[in-house]
Amino acid sequence: MTISSQLEAKLRAASGHADARVQPATDTRFGDYQTNIAMILAKQQRANPRQLAQEIIDKLDTAEMCEPPEIAGAGFINFRLKPMWLAERFAVLAADEKLGISAPVRPKKYVIDFSSPNVAKPMHVGHIRSTILGDALARIAAFIGHTVVRDNHIGDWGTQFGMLLHGWKNELNHAALEADPLGEMERLYKLVSARCKEDPATLDAVHHELVELQGGNEENLVLWREMQRLSQAQFDVIYSRLGISFDVTLGESFYNQWLWKVVDELVARGIARESEGALCVFSDGSVPEKEDPFLISRDGQWVDMPALVQKADGAANYTTTDLATLAYRLREFAPDEILYVTDGRQQHHFRQLFAIFRRWHPEVSARLAHVWFGSILGDDGKPFKTRSGETIKLAGLLDEAEERAFAIVSEKNPALPEAERREIARVIGLGAVKYADLLPNRQSDYVFSWDKMLALQGNTAPYLQNAYVRIRSIFRKAVEAGINSQSSTIILSEPAELVLAKKLFQFGEVLPQVLDDCRPNLLCNYLYELASTFHSFFEACHVLKADEASRASRLTLCEVTARTLQRGLGLLGIEVPERM
Ligand code: ARG
């Protein structure tokens with residue numbers, strides 16, 4: 001049990017309020033944790049908050065863990081933990097593999113839809129955020145003790161295939177396909193799409209190829225399958241490089257078998273109706289206009305903004321596929337939550353999707369969440385592109401990260417064998433890219449900067465990896481000096497020791513919050529604070545040169561710090577080197 005949940009349990013008992021919460025104190029001069037429960041209750045009961053706070057304190061049974069609680073300001077109650085109690089608890093934390101994370105009372109099942117690139121298009125820098133964010137959330141949920149289904153919803157049935165098939169049949173360069181399949185497919189796509197704009201005959205031919213494919217033309221299906229195979233092979237190279245895996249990889253096409261059933265049911269239940277030849281879902285007026293995803297405000301008027309589930313030409317679309325996918329996931333996995341990790345431009349799609357689904361299946365209680373993110377920008381504040389205006393491809397970006405890290409490592413450690421420098425550079429380079437992506441609030445855009453992400457100072461992956469490496473080197477020195485670093489009685493007498501111990505206890509409090517809000521940036525910030533707290537501790541307190549009892553206790557603090565950094569980074573999908 002975390003410290004905050006222990007305090008909350010005691011507060012619940014004393015206040016009779018089921019939802020009593022404590023927060024880590026903002027100013028540690030006044031204590032370690034704080035609650036505003038007296039103020040909440042006072043408002044409800046029209047009582048004096050400070051007096052109510054005193055009544056709660058009189059009933060509180062915290063003598064063992066805290067100094068006498070104090071009332072502050074308008075009625076806050078402040079708690080300061082007793083060093084002796086913390087020291088005892090710290091021994092328990094140090095022995096805990098899960099670093100203070102207790103199993104959830106009711107473990108949940110999550111389906112996390114992430115990465116989900118489109119076939120025959122190279123994975124570009126926009127897919128990196130979904131891939132990295134989704135992977136981090138999946139790792140965190142699993143570590144906390146939930147069940148996770150990692151689901152890669154490959155875009156394999158878009159209108160791009162009309163162009164690709166036409167290009168493949170008429171313009172394919174076999175040697176180029178051999179050398180760089182996705183590059184060649186991208187070339188074909190661009191070539192044909194440019195031609196479509198000028199030449200109506202090409203547009204017709206493209207449309208014909210698409211209709212043939214959708215109608216099950218065998219030749220087209222064979223080519224389409226080949227495109228899948230080549231794309232998936234290249235996606236897999238990137239995934240293995242990033243250390244990312246999936247439990248389920250199903251393309252949009254897999255759900256084609258249920259599309260007509262979805263449309264029929266929506267029509268039969270009056271959820272979708274005909275409009276201008278298409279089948280559409282309109283507002284049902286069940287929510288205020290401002291929140292209604294089927295309305296849009298134009299010149300101060302609310303006008304319809306229906307969702308199409310079947311286009312006028314009879315084809316289903318992205319929404320129909322997502323409805324069929326949702327139904328399948330609920331049948332197949334019975335999840336408590338489904339998280340969709342995509343960029344912010346799809347917000348409206350998901351608001352409509354969830355609203356249609358709720359009308360279609362009101363009995364389903366699973367939580368559906370769109371975990372959206374902003375864009376990656378270049379120095380100029382515009383979407384991150386190459387100099388010539390092309391989108392940046394993921395593989396090249398990762399190569400560059402490793403190269404740049406290699407230059408830094410080689411400068412710092414010229415004596416290390418090259419193979420070792422390469423391996424360290426891989427861990428640092430990939431770590432830097434992932435961390436730079438996870439650190440900003442996910443809903444804001446961020447400016448991509450090599451110098452910033454690879455810096456050894458500041459809130460970066462290399463800084464945290466370096467903190468880990470420094471602790472590991474303390475243990476190497478201990479071994480060389482013949483010092484036994486078995487954990488022992490914990491002594492928390494110096495202020496810096498106490499501050500570090502308290503910080504380490506917070507890991508178990510931060511992590512569930514990260515998952516609840518789908519905000520790995522909270523974990524990044526926690527790890528950064530932990531590393532800084534550790535540095536202050538290390539400056540203030542001798543470790544190897546301390547007397548025997550303090551030394552053993554401080555080595556335990558070091559060891560738990562290293563393990564928390566390693567685990568925390570690991571949950572973000574970031575490895576640590578043993579030296580750097
Ligand atoms: N393939 C889509 C894209 O690249 C993302 C799919 C997200 N998942 C979903 N179920 N719609 O934009």
**Asked** Under 3.5 Å, side chain of S130 to main-chain N/O of V341, donor-acceptor pair present?
**Response** yes
**Message:** Using only atom types and a distance under 3.5 Å, with no angle test, would you say the side chain of Q352 pairs donor to acceptor with the backbone of P293?
**Reply:**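 Yes: the side chain of Q352 pairs with the backbone of P293.
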**Message:** Would you call the rings of F448 and W450 parallel, tilted or perpendicular, taking 30° and 60° as the class edges?
**Reply:** perpendicular
**Request:** Would you please classify the geometry between the F354 ring and the Y340 ring as parallel, tilted or perpendicular, with 30° and 60° separating the classes?
**Result:**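 Ring orientation, 0 to 90° scale: tilted.
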**Request:** Evaluate the criterion side chain to side chain donor-acceptor pair (under 3.5 Å) for residue pair S550 and S553; output intermediate values, then yes/no.
**Result:** CA-CA 5 Å; S550 286; S553 165; over 6 Å; no
Check residues 503-511 and write down every donor-acceptor pair under 3.5 Å in which the side-chain atom is one partner and the other belongs to a residue at least two apart or another chain.
unit_1, atom_1, unit_2, atom_2, d
K503, NZ, Q506, OE1, 3.1
K503, NZ, E529, OE1, 2.6
E509, OE1, Y33, OH, 3.1
E509, OE2, S4, N, 3.0
E509, OE2, S4, OG, 3.3
E509, OE2, Y33, OH, 2.8

**Fill in**
Nearest heavy-atom approach of T561 to I471 is CG2-CD1, 3.7 Å
**Item:** P49 versus A38, closest heavy-atom pair with distance
**Value:** O-CB, 3.7 Å
**Prompt:** Could you state the interatomic distance from NZ (K10) to CD1 (I56), rounded to the nearest 0.5 Å?
**Reply:** 15.5 Å
Regarding [X] and [Y], do their side chains bring together a donor and an acceptor under 3.5 Å, going by distance alone?
X    : Y    : result
D437 : Y446 : yes
Y318 : Q346 : yes
D58  : Q54  : yes
R442 : N521 : no
N78  : E70  : no
S449 : D451 : no
D547 : H542 : no

Indicate yes or no: does [X] engage [Y] in a salt bridge with an N to O separation below 4.0 Å.
X    : Y    : result
R563 : E559 : yes
D343 : R129 : no
E337 : K108 : yes

**Message:** Between I154 and T249, is there a side-chain heavy-atom distance shorter than 4.5 Å?
**Reply:** yes
**Prompt:** Does some side-chain heavy atom of D322 sit less than 4.5 Å from a side-chain heavy atom of F357?
**Reply:**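 Side chain of F357 against side chain of D322, heavy atoms only: no contact under 4.5 Å found.
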Does [X] [atom1] have over 12 foreign heavy atoms under 6.0 Å away?
X    : atom1 : result
E97  : CD    : no
R359 : CZ    : yes
K98  : NZ    : yes
Q45  : CD    : yes
R345 : CZ    : no
E548 : CD    : no

**Asked** Does the gap between the ring centers of F30 and F76 come in under 6.0 Å?
**Response** no
**Quiz item: cation-pi between K109 and F333, 6.0 Å / 45°** = no
**Message:** side chain to side chain donor-acceptor pair (under 3.5 Å), that's the test. Do D336 and H146 meet it? Break it down for me.
**Reply:** CA-CA 10 Å; D336 299 286; H146 300 295; over 6 Å; no
**Request:** Check H370, H153, R150, R329 against D113 for a side chain to side chain donor-acceptor pair (under 3.5 Å) and give me the one that passes.
**Result:** R329
